[in-house]
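I'd like to ask some things about the structure below.
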Amino acid sequence: MAISQQEFHDAVLFILGQIPKGKVTTYGKIAQLAGYPNHSRHVGKILSKLPSDTSIPWHRVINGQGRISFPEHSERYHVQKDKLEHEGISFLNGRINLKQIGWQP
DNA sequence: CTTATGACCCTGA
DNA sequence: GTCAGGGCCATAA
């Protein structure tokens, strides 16, 4: 029996729920914690399929460069940035200091 | 089967 | 610090 992708999906959602308010993490980190180190892209894929009314804090996920993985002109970028700033996370030149507010289990 | 795409990551220049 | 190249894996055509 092949590895269940449902497990990966659930693991990602569970990990997202563990991220404390005011902290952020990266796609690769989530994939790693879920047990699939090389599935960073799939994390984003899962998030892209989440409904807009979800209670999952998807906005606490950014890329390894400390940047939001959306073009600055896009609507999603501003939504995520607004949510993060609302939690007290500060942006410096469009970037987040992962050293400071990067979540570590 | 091969290509193309995607909310990515690591390394080297 | 930024940028480009290669790698990674699942899905769609």
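Just so we're clear, the structure is a prediction, and the values are computed from it rather than from any experiment. The chains referred to below are lettered A, B, ... by the order of the sequence lines, with proteins before strands, and numbering in each begins at 1.
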Of the options B:dA7, B:dC9, C:dG7, whose atoms approach the side-chain atoms of A:Thr26 most closely?
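Looking only at heavy atoms from C-beta outward on A:Thr26, the closest nucleotide is B:dC9.
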Expressed in angstrom and rounded to an integer, what is the separation of A:Lys83 atom NZ from B:dA7 atom P?
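From A:Lys83 NZ to B:dA7 P: 19 Å.
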How do A:Ile62 and A:Lys45 order along DNA chain B: which one's closest nucleotide is nearer the 5' end?
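In this pair, the answer is A:Lys45.
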Quick one: the side chain of A:His39 and the base of C:dC9, do they pair up donor-acceptor inside 3.5 Å?
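For A:His39, whose side chain was compared with the base of C:dC9, there is no donor-acceptor pair (under 3.5 Å).
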Interatomic distance, A:Leu50 CG vs B:dA7 P [rounded to whole Å]
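Going from CG in A:Leu50 over to P in B:dA7 covers 12 Å.
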Over all heavy atoms of both residues, which pair between A:Leu98 and A:Gly64 is shortest? Give the atoms and the distance, please.
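Looking at all heavy atoms of both residues, the shortest contact is CD1-O, 3.6 Å.
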When you measure from the side chain of A:Asn38, which nucleotide among C:dC8, C:dA10, B:dA7 comes out closest?
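Nearest to the side chain of A:Asn38 among the choices is C:dC8.
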What's the closest nucleotide to the A:Tyr27 side chain, out of B:dC9, C:dA10, C:dC8?
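Nearest nucleotide to the side chain: B:dC9.
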B:dC8 C1' sits how many Å from A:Gln32 CD, rounded?
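Taking CD of A:Gln32 and C1' of B:dC8, I get 13 Å after rounding.
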Please determine, for the side chain of A:Ser40, which listed nucleotide (B:dC9, C:dC8, C:dT11) has the closest atom?
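The answer is B:dC9, which lies nearest to the side chain.
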Suppose you measure atom P in B:dA7 against the same atom in C:dG7; what distance do you get, rounded to whole Å?
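Rounded to whole Å, the distance is 22 Å.
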I want to verify a distance call: between B:dA7, C:dC8, C:dT11, whose nearest atom is closest to the A:Phe70 side chain?
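Per side-chain heavy atoms of A:Phe70, the pick is B:dA7.
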Specify the separation, in whole Å, of atom NZ of A:Lys99 and atom C1' of C:dG1.
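It is 14 Å, rounded to the nearest whole Å.
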Within this structure, what is the CD-to-C1' distance between A:Gln65 and C:dC3, rounded to whole angstrom?
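Taking atom C1' of C:dC3 as the reference, CD of A:Gln65 is at 10 Å.
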5' priority, DNA chain C, between A:Lys49 and A:Arg95 [closest heavy atom]
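It is A:Arg95, whose closest nucleotide lies nearer the 5' terminus.
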Just call it for A:Ser69: base, sugar-phosphate, or nothing, with non-hydrogen atoms closer than 4.0 Å on any strand.
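If one applies the 4.0 Å heavy-atom cut-off, A:Ser69 turns out to touch the sugar-phosphate alone, with no base involved.
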Both distances under 3.5 Å, Watson-Crick or G-U wobble: on that basis, could you give the dot-bracket string for DNA chain C, with [ ] for crossing pairs and | for other-strand partners?
.||||||.|||||
Between A:Glu85 and A:Lys81, is a salt bridge (charged side-chain N to carboxylate O under 4.0 Å, His left out) present by the stated rule, with each step listed?
CA-CA 6 Å; A:Glu85 288 180 333; A:Lys81 183 171 181 290; 2.7 Å; yes
Step-by-step side-chain hydrogen bond (donor to acceptor under 3.5 Å, both in side chains) determination, A:His78 to A:Glu72
CA-CA 7 Å; A:His78 293 291; A:Glu72 294 189 14; over 6 Å; no
Side chains of A:His39 and A:Gln32: do they bring a donor and an acceptor to under 3.5 Å?
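Checked: A:His39/A:Gln32 side chains show no N/O donor-acceptor pair below 3.5 Å.
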